Amino acid sequence: MSKMVAPEKIPQSLHAGKLLICEKLGNSSDLKFKEMKNNGFTFLIVYISTIVENKQLEELILPSLASFDAEKAQAADDTVDFLLDHVIALKDTRITTDMNDAVNELLFGNTVILLEGQSSCITAGTDKFPERSISNPKAQRTLKGPDIGFNEDISSNTALIRKVIRNPSLRIESPEINSTTKICIIYMEGKADKEIIKELKEELSSIKMDVILDSNYLEETLQKSSNSIFPLTLSTDRPDVVCSELMEGRIALIVDGTPFVVTLPTVFVQLFQSPDDYYFLTKKIMAKRFSRMLIYCLAILLPALYIAFTIYHPGLIPTNLLVGIVTQRELVPAPTVVETIVFYFLILIITESSLRLPQSVVFTVTVFAAIVLGQSAVEAYLVQPFTLVVLSASYIFSSIIPVYSLATVSQKLTVVFMFLASVLGFFGIIAGIMYYLLQLSSSRSFGVPYLAPFAPFKPGDQKDAAFRVPMYEQLNNKKTFTKEEKDQLKNK
């Protein structure tokens with residue numbers, strides 16, 4: 001809940017209280033007031049009709065206020081406390097003396113009960129927001145395993161995690177932030193690093209946003225101090241992935257209104273892990289992740305290598321292949337660098353348009369763009385067929401990554417390496433590889449080395465890193481995600 005507004009007293013007059021609420025919320029059509037009387041007591045029930053559960057309001061609050069024992073209420077030391085303890089039989093009921101707090105409760109779907117002559121009021125949990133039913137995950141699809149995804153309701157998402165992890169050590173906290181959007185921090189007591197939890201809470205308390213529409217708002221803010229192009233947090237809409245991360249000692253961050261949950265700290269190899277890796281039988285060693293890493297690197301470097309070899313190092317190309325490339329090159333007017341970069345951006349434009357167009361026309365547009373436009377460009381001698389083969393292979397290779405945020409990084413790196421190859425050839429590619437290796441090795445995700453468990457090398461964590469051994473061999477294996485810098489200081 002927001003903590004930006006200073007407290008404001010609740011007027012003892014119901015009329016003054018009603019005017020103050022109208023002043024803060026305006027004359028909204030769904031803002032409702034209902035005045036009730038019971039043996040000398042006068043109440044004002046305030047609620048927003050579009051986000052409250054009418055059944056609770058009509059069956060639990062209104063009848064209770066109309067039929068309670070007024071004599072016992074008058075004899076009580078505090079009338080508001082008596083109503084809270086003996087009359088309002090609802091969840092999440094509490095007393096507040098702050099009008100701004102009461103208004104925030106209204107915006108969260110709760111009902112506010114004002115009492116004539118009292119400078120405090122009762123808030124009752126009657127919220128019921130429209131929500132999407134639980135459906136299949138969209139970002140990380142699998143052939144086998146759980147087929148359920150998060151939705152936009154924070155209560156449903158925490159319930160899905162509770163359903164899987166029925167452990168008393170599971171902690172779900174709702175920190176106060178400078179925003180009206182609810183967020184939750186979830187971790188396993190005894191497994192998560194307390195220093196990272198403390199650092200995360202400090203970072204969240206410094207964020208000032210009126211509304212957080214998506215978890216990416218927090219991801220970008222939490223990574224503001226890093227210059228790395230690679231994602232330092234993992235975003236997923238799969239409950240099984242989040243539960244697995246929690247059991248390994250990581251922390252989950254849930255934002256109300258989005259189906260994507262953020263987990264941290266994140267290491268590089270984690271972005272190549274797919275839920276499928278754990279849902280298919282493995283007798284020996286599974287090398288799928290290592291294959292994904294190689295293919296990912298090839299997707300980034302393939303267009304750059306094509307430019308470097310055809311322009312600067314043609315002698316390294318086999319003779320038969322070189323003759324075919326030169327023959328195609330004579331008929332195309334644009335240089336190899338220009339046609340490669342232009343058609344790579346054309347592929348990205350086609351991909352972007354397929355995400356924006358209505359679902360009914362996506363197939364038609366993509367087929368026309370990929371087949372008709374590509375074939376027409378080759379027949380018109382605007383591009384070499386070999387160039388299209390290289391770019392198509394690079395694009396397909398980049399689609400193998402389970403986490404989409406890493407796929408967007410590959411697009412940026414592909415352009416960077418094509419530029420380096422066009423200027424310095426193979427030496428430019430080597431320089432770029434060295435630069436990004438240094439960036440990866442120097443990156444930290446909340447103090448955890450980004451290349452862990454490879455750098456620093458941890459033999460115990462290699463069972464579930466680039467390769468995966470059978471499940472029975474890693475049951476008692478405990479992963480460690482401690483801050484490297486603090487460990488070094490303790491050893492001195």
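Nothing here was measured: the structure is a model prediction, and the numbers come from that model.
- Here CD1 of Ile45 is found 8.5 Å from CD of Glu35. Values are rounded to the nearest 0.5 Å.
- Neither side chain, Gln439 nor Tyr450, offers a donor N or O lying under 3.5 Å from an acceptor on the other.
- How far OG of Ser29 is from CD1 of Ile48: 10.5 Å, rounded to the nearest 0.5 Å.
- Residues Ile161 and Val242 form a side-chain contact, since some pair of their non-hydrogen atoms from C-beta on lies under 4.5 Å apart.
- Pairs passing the salt bridge (Lys or Arg N to Asp or Glu O under 4.0 Å) check and including a residue from residues 264-280, sequence neighbours excluded, read Asp277-Arg289, Asp277-Arg292.
- When atom types are taken as modelled, the side chain of Asn178 and the backbone of Met209 share no donor-acceptor pair closer than 3.5 angstrom.
- Counting only heavy atoms from C-beta outward, the side chains of Pro239 and Pro146 never approach each other to under 4.5 Å.
- Side-chain contact between Ile185 and Ile251 is present, with heavy atoms from C-beta onward closer than 4.5 Å.
- In plain terms, the two heavy atoms of Pro449 and Val267 that are nearest each other are O-CG1, 3.6 Å.
- Ion pair Glu248/Arg250 flagged as a salt bridge, since at least one NZ, NE, NH1 or NH2 atom sits closer than 4.0 Å to an Asp/Glu carboxylate oxygen.
- Using a 4.5 Å heavy-atom cutoff, the side chains of Val409 and Pro231 are in contact.
- Atom CZ of Phe268 and atom OG of Ser445 lie 13.5 Å apart (nearest 0.5 Å).
- Under the side-chain hydrogen bond (donor to acceptor under 3.5 Å, both in side chains) criterion, Glu58 pairs with no residue at all, not counting sequence neighbours.
- A cation-pi arrangement is found for Lys18 relative to Phe33, the charged atom lying closer than 6.0 Å to the ring centre and inside a 45° cone about the ring normal.
- Closest approach of Thr414 and Ala299 over heavy atoms only: OG1-O, 3.8 Å.
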>> Would Lys24 and Asn100 count as a side-chain contact (heavy atoms from CB on, under 4.5 Å) here? Give the steps.
In response: CA-CA 9 Å; Lys24 292 180 177 295; Asn100 291 319; 2.9 Å; yes
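- Residues Ser179 and Asp210 form no side-chain contact, since every pair of their non-hydrogen atoms from C-beta on lies 4.5 Å or further apart.
- Looking at heavy atoms from C-beta onward, Leu232 lies out of side-chain contact with Thr266 at the 4.5 angstrom threshold.
- No more than 12 heavy atoms of other residues, nucleotides or ligands lie within 6.0 Å of NE2 in His15, so this atom counts as exposed by the packing criterion.
- Here the CD1-CD1 distance, from Ile148 to Ile134, works out to 4.5 Å after rounding to the nearest 0.5 Å.
- What you find for Leu65 and Asn38 is that their closest heavy atoms are O-ND2, 3.0 Å.
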> So Tyr395 and Gln411, side chain to side chain donor-acceptor pair (under 3.5 Å) or not? Walk me through it.
Replying inline: CA-CA 9 Å; Tyr395 181 78; Gln411 298 171 2; 6.0 Å; no
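- Here the shortest heavy-atom pairing between Leu160 and Gly149 reads CD1-O, 3.9 Å.
- One side chain, Gln140 or Thr236, offers a donor N or O that lies under 3.5 Å from an acceptor on the other.
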>> Between Val448 and Ile196, is the side-chain contact (heavy atoms from CB on, under 4.5 Å) condition met? List the steps.
In response: CA-CA 9 Å; Val448 177; Ile196 298 178; 4.2 Å; yes
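- Residues Val46 and Leu31 form a side-chain contact, since some pair of their non-hydrogen atoms from C-beta on lies under 4.5 Å apart.
- When all heavy atoms of Pro275 and Val241 are compared, the pair lying nearest together is CG-CG2, 3.6 Å.
- A cation-pi arrangement is present between Lys144 and Phe280, with the terminal nitrogen or guanidinium carbon under 6.0 Å from the aromatic centre and inside a 45° cone about the axis.
- No side-chain donor from either of Asp256 and Thr181 sits under 3.5 Å from a side-chain acceptor of the other.
- Here the CD-CZ distance, from Glu352 to Phe345, works out to 12.5 Å after rounding to the nearest 0.5 Å.
- Here Lys288 contributes atom NZ and Ile295 contributes atom CD1; the two are 11.5 Å apart, rounded to the nearest 0.5 Å.
- Judged as a side-chain hydrogen bond (donor to acceptor under 3.5 Å, both in side chains), and not counting sequence neighbours, Asp81 has no contacts.
- Checking side-chain atoms of Glu105 against main-chain N and O of Asn110 turns up no donor-acceptor pair under 3.5 Å.
- Taking the centre of each ring, Phe397 and Tyr296 stay at or above the 6.0 Å mark.
- With sequence neighbours excluded, the residues forming a side chain to side chain contact (heavy atoms under 4.5 Å, CB included) with Glu219 are Ser215, Asn216, Gln223, Thr233, Ser235, Val262, listed by chain and number.
- Using a 4.0 Å cut-off between charged nitrogen and carboxylate oxygen, Asp153 and Lys182 do not count as a salt-bridge pair.
- The two atoms that bring Thr158 and Cys184 nearest to each other are CG2-SG, 4.4 Å, heavy atoms only.
- The aromatic rings of Phe43 and Phe41 sit parallel, their planes meeting at an angle under 30°, below the 60° perpendicular limit.
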> Does the side-chain contact (heavy atoms from CB on, under 4.5 Å) test come out yes or no for Gln12 and Glu116, once each step is laid out?
Replying inline: CA-CA 6 Å; Gln12 294 187 4; Glu116 182 71 39; over 6 Å; no
>> Let's go through Leu25 and Leu107 carefully: what are the C-alpha distance in whole Å and the side-chain angles of both, what is the deciding distance for side-chain contact (heavy atoms from CB on, under 4.5 Å) to 0.1 Å, and is it a yes or a no?
In response: CA-CA 9 Å; Leu25 296 179; Leu107 296 175; 3.8 Å; yes
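- The stretch residues 224-242 participates, sequence neighbours left out, in these salt bridge (Lys or Arg N to Asp or Glu O under 4.0 Å) pairs: Arg238-Asp240.
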Run the side-chain donor-acceptor check on residues 117-129: report pairs under 3.5 Å with partners two or more places apart or on a different chain.
| residue | atom | partner | partner atom | Å |
| --- | --- | --- | --- | --- |
| Thr126 | OG1 | Gly109 | O | 3.2 |
| Thr126 | OG1 | Thr111 | N | 3.3 |
| Thr126 | OG1 | Thr111 | OG1 | 2.7 |

